[in-house]
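Per chain, numbering begins at 1; letters A, B, ... match sequence-line order. Because the structure is predicted, anything quoted here is derived from the model rather than measured.
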Amino acid sequence: MTDAKQEFEKAYEPQGVEDAIYQKWLDSGYFTPENLPDFAERKEVFSIAMPPPNVTGTLHIGHATMLAIEDSMVRFARLSGKKALWIPGTDHAAIATQSKVEKMIFETEGKTRHDLGRSEFLRRVNEFAQNSHDTIVNQCKKMGSSLDWTREAYTLDAERNKAVNVAFKQMFEDGLIYRGDRIVNWDPLMQTTVSDDELDRKESKAPFYYLKYGPFVIGTARPETKFGDKYVVMHPADERYAAYEHGQQIELEWINGPITATVIKDEAADPEFGTGVMTITPWHDAVDFGIAERHGLDKEQIIDDNGKLLAIAGEFAGQPIKIARKNIIEKLAGKGLVDHIDEDYVHNIALNSRGGGIIEPQIKKQWFVSVNKEFARDGQTVTLKQLMQNAVRSRDVTIVPDRFEKTYFHWIDNLRDWNISRQIWFGHRIPVWYKGEEQAVGEAPTGEGWEQDPDTLDTWFSSGLWTFSTLGWPNKEAPDMMYHPTTVLETGYDILFFWVARMILMSTYLLGEVPFKTVYLHGLVRDEQGRKMSKSLGNIINPLDMISKYGADATRLSLIIGGTPGNDTRLSEEKIAGFRNFTNKLWNISRFVDMQTGGLRHVEAMPVAVTLADKWILGKFASVVDKVTQYQASYQLSLAGELLREFTWTDFADWYLEIAKVEKGKDDMLNYILERLLILWHPFMPFVTEEIYARLNNGLIMVAQWPVINEETASNNPFIFGGTEQDYNNRGEALSARSIQEEFTRLQEVIVAIRNIRAENNVPPKQLVEIVVTDKALFMYDDVIRALAKVSNVGFDDDRVEQMASTVVAGMEIYVSLEGLVDTAKEISRIENELIGLRKYVEMQTTKLENADFVSRAPEKVIALERAKLAEAKDKVEKLTGQLASMK
RNA sequence: GGACGCAUAGCUCAGUUGGUUAGAGCGUUACAUUGACAUUGUAAAGGUCGGAGGUCCGAAUCCUCCUGCGUCCACCA
């Protein structure tokens, strides 16, 4: 970097610089790990496959959270000298995208996809997807995401299609993919099946009809399905129906005339529910389908693909469900077959969560992935379910927070075969071709007359391959495969099943290795009242708006700090504004160091600490570096951020910089700490740190070295790692880190106590006061005390005069001269109040230490500590009492 | 019905092997502000850690039960 010295404006204005900084990063090429300095020497690999946002629209605050967290992880890895790779991409989100475009076209042109035809419709969807994609890419950049754009992928592009076809073929050949007539979730609105996981259940109140069915009374909320009901089912152990035998036939009058019903005894019938008797509709109910399968019963379709009744319904044929229901009940009532009606029945109806209609179970010929079928693997037989379970049970994949492991196992236990074929147009075609009786799988066969399966694949089939389809697979020799398994998969807990589980399935099956080592699940971002953000509520916080208002760094911080994995977080604009303030604080800290030291600069070696404050800040900083590193490595991002904020604002700015105004000769120390502090912050707030770092003329901060403070790098200041119990006694001696911290804390307490007395007595902040202390050691810091507590002179014990307010801190007495300002009555009451609290404490401690059990059972360290605290409190009581006496 | 989570200051939340008189940010109050920063500084007020038991020398922390809120899964025909 050869930039001329840049001005430090009074306030940080992110709007003016963020885009240019991002461009600088892009120009550097460092988002591509191979371009990193010393790429070959970087031993460890760190990789994340970004969860590809759906090309259904724009990024919301949840995406912003994902980007903020993942970018901080990647930047930390890059700074720590790893080959850091973060792969961007988008998801075609088959059903969701098609549904959205269909709606748009219908609203604007009044046309359906069938009006347009398959190829024109797909052209329109792709056009829409491309626009969404461009918006998404732009938003990722606005967030500062250090994604390797040279490796960008799309779940529906040619390379991913190849991976999909290879995966399909292998599963087919292992017998894990089959085609069969099974009951599936049919969406009559979108005319497609959807998977079990893509259903939303909505509570709804509907009349529940009790109907006379021969000698029985059966209950149903769906009389329109009852035409084919010729089986009546009861629990084998239900005493009430012991007289009826399995297989027994009963003649009875039903909706459209007399029918013959057959008694079936099956444990699926719940004796506790209703009358304990039910009729079944195997074609339109999954449980009924199971009963029918067990007993080899007939299955008849009642409702067609459009939700209208079929010929079996007789006079009701062609009627849509809603209308038919009413008519049927009328007819049944007329025949005296309605026993009674429960109007307050509440049940759940299933909806297609991707913007479709009310699900009607149907039996259809579909493609399935068999999760329970055994196949050979390393000389043993396993099932896909077992592969999924083993990956987590063996800890090859760890889930953060770990309670989600339970949820994961529970989901797998209940997993049924996965319906992977969809009747929509947008998506990967099922890679199967037919010609007469012939069938080809995987690649398009050559020759005439072959027709491809018209269906498309469930979108999660292709996203299940994401961690390796983005790295060159199915070419197992692809150089990028060195980045697999990826290091961490970071996503919202809401797609643990949809996606995370399926990636584990695909990767363990196809590659024989896990897709990622750690799953980090973030929570949902809610509004300040804890509600989900939604358009209808009008409570959406748009990340782009926040970025343009407060900057990307502030937006990122608000999404990381204060959130813990797996838990929802509340976000408000005030919170973001608060972090904007912090961004500016960091800027001004740097501005001050710049002015104070004649320009920011790189300081290679740790400077020798001279004063107590120097030693204190270095010791503190060493501990901060250590902890932040640990927090980052263990994905405890919020803790890292909070610790950094505390150090930056309180320790560094409020104390050390203030001291630096009176203790000179800290130029190297200030620059040394500031540079490293910026690096520690960089993963969280990349823009402002890069902007400040530009003024150091030391290259880009994004490829700086993560600070390490150890015996070697701190050899100038051995106290940091020296003994811990050496006594402090005088200036300049080798001191332990601990005694330094204690001594500095003492100094802080003295200063705060003086400020406190000043505030209590309404001394104007500018007015200087004199103080008297009883501990000569404090004279060493009189310049600091004078500056930070606005003191004109520090006197010793003998100089004590009247008209002084007093207090006791860390065993020493402090008197503040108030030159007539002192309000004696107020002072007396203040001290008396303090004494009340102290005496209570002394009493409590005494009781504790007189407890024989405590003294004999607690560790000695704890006892010693408690004794010391008691002694100190007693001492303070004594001194304050003395002060009080002299005042009265 | 099954499982899980949350309950700590007015608000949002930390609190990692049980051990200072329980912390932070925001908000509130008082004073101040030409000097890095009003996107600021100094100081203060504010909590019997949801309730009841239990284990322990010692519990916000571990166990049991209860209450309230939330989430997921399964679904009853």
Side-chain angles (χ1 to χ4, degrees), chain A residues 8 10-12 201 208 218-222 225 229 233 268-270 272-281 285-288 291 345 347-348 350 401 403-404 406-407 410-411 413-414 493-494 496-497 524 528 530 550 554 561-564 566-572 574-575 577-596 634 636 638-639 642 645-646 649-650 653-654 657-658 661 752 755-760 762-766 788-790 837-838 840-841 844-845 848 851-859 861-863 865-866 868-869 873:
Chain A
F8 249 112
K10 194 168 179 179
Y12 174 61
R201 298 195 189 261
F208 191 77
I218 58 156
T220 185
R222 301 202 58 193
T225 65
D229 289 16
V233 184
D270 178 4
E272 304 293 315
F273 185 83
T275 57
V277 180
M278 63 178 177
T279 59
I280 57 168
T281 315
D285 185 286
V287 175
D288 295 358
I291 295 170
Y345 181 66
H347 68 148
N348 290 320
R403 63 185 146 90
F404 281 95
K406 238 181 206 173
T407 324
H410 184 252
W411 179 79
D413 289 341
N414 291 307
Y493 64 75
D494 50 330
L496 178 65
F497 306 138
L524 264 49
E528 51 197 320
Y550 303 106
I561 295 184
T564 43
N567 292 325
D568 294 351
T569 53
R570 296 184 190 206
L571 183 66
S572 61
E574 291 72 43
K575 185 174 176 187
F579 284 110
R580 183 270 320 269
N581 296 355
F582 177 74
T583 311
N584 188 59
K585 184 73 183 184
L586 185 63
W587 175 264
N588 270 290
I589 286 169
S590 308
R591 182 166 182 254
F592 172 75
V593 173
D594 180 71
M595 292 167 87
Q596 183 88 355
S634 56
Q636 294 179 280
S638 181
L639 288 179
E642 280 175 48
R645 178 172 58 180
E646 164 77 11
W649 207 316
T650 306
D654 291 344
L657 294 192
E658 289 305 317
K661 289 175 185 172
V752 169
R755 287 169 173 171
N756 196 329
I757 286 175
R758 296 175 57 114
E760 290 273 345
N762 299 321
V763 180
K766 272 185 169 175
L788 269 61
K790 302 276 187 238
L838 270 172
K840 261 187 203 157
Y841 180 66
M844 202 184 78
Q845 284 298 95
K848 192 185 223 177
N851 183 338
D853 282 334
F854 175 72
V855 179
S856 62
R857 297 200 173 218
K861 255 189 174 178
V862 173
I863 296 170
L865 204 63
E866 298 299 321
K869 285 189 294 191

Base, sugar-phosphate alone, or nothing: which one does Thr564(A) contact when heavy atoms must sit under 4.0 Å apart? sugar-phosphate

Would you indicate, yes or no, if U39(B) has its OP1 or OP2 atom less than 4.0 angstrom from a side-chain nitrogen or oxygen of Arg580(A)? no

Could you pull out the protein-nucleic contacts involving nucleotides 17-20 of chain B (nitrogen or oxygen on both sides, under 3.5 Å)?
from	atom 1	to	atom 2	distance (Å)
U20(B)	O3'	Lys869(A)	NZ	2.9

Quick one: list whatever passes side chain to side chain donor-acceptor pair (under 3.5 Å) with [X], sequence neighbours left out.
X	result
Glu642(A)	Ser638(A)
Asn567(A)	Arg403(A), Thr564(A)
Thr650(A)	none
Arg222(A)	Glu224(A), Glu360(A)

Which residues pass the side-chain contact (heavy atoms from CB on, under 4.5 Å) test with Asn581(A), sequence neighbours left out? none

Considering only side-chain heavy atoms of Asp654(A), which listed nucleotide, C57(B), C4(B), U42(B), is closest? U42(B)

The nucleotide from A36(B), C37(B), C76(B) with an atom nearest the side chain of Lys10(A) is C37(B)

Can you give one letter per nucleotide of nucleotides 22-31 of chain B, 5' to 3': B if a protein heavy atom sits under 4.0 Å from the base, S if only from the sugar-phosphate, - if neither? --SS-----S

For [X], check salt bridge (Lys or Arg N to Asp or Glu O under 4.0 Å) against everything at least two apart and list the hits.
X	value
Arg570(A)	none
Asp285(A)	none
Glu658(A)	Lys661(A)
Lys869(A)	Glu866(A)

Using nucleotides 5-12 of chain B, report all nitrogen or oxygen pairs with the protein that are shorter than 3.5 Å.
from	atom 1	to	atom 2	distance (Å)
U12(B)	OP1	Arg570(A)	NH1	3.0

Over how many whole Å does the gap from Glu760(A) atom CD to A43(B) atom P extend? 12 Å

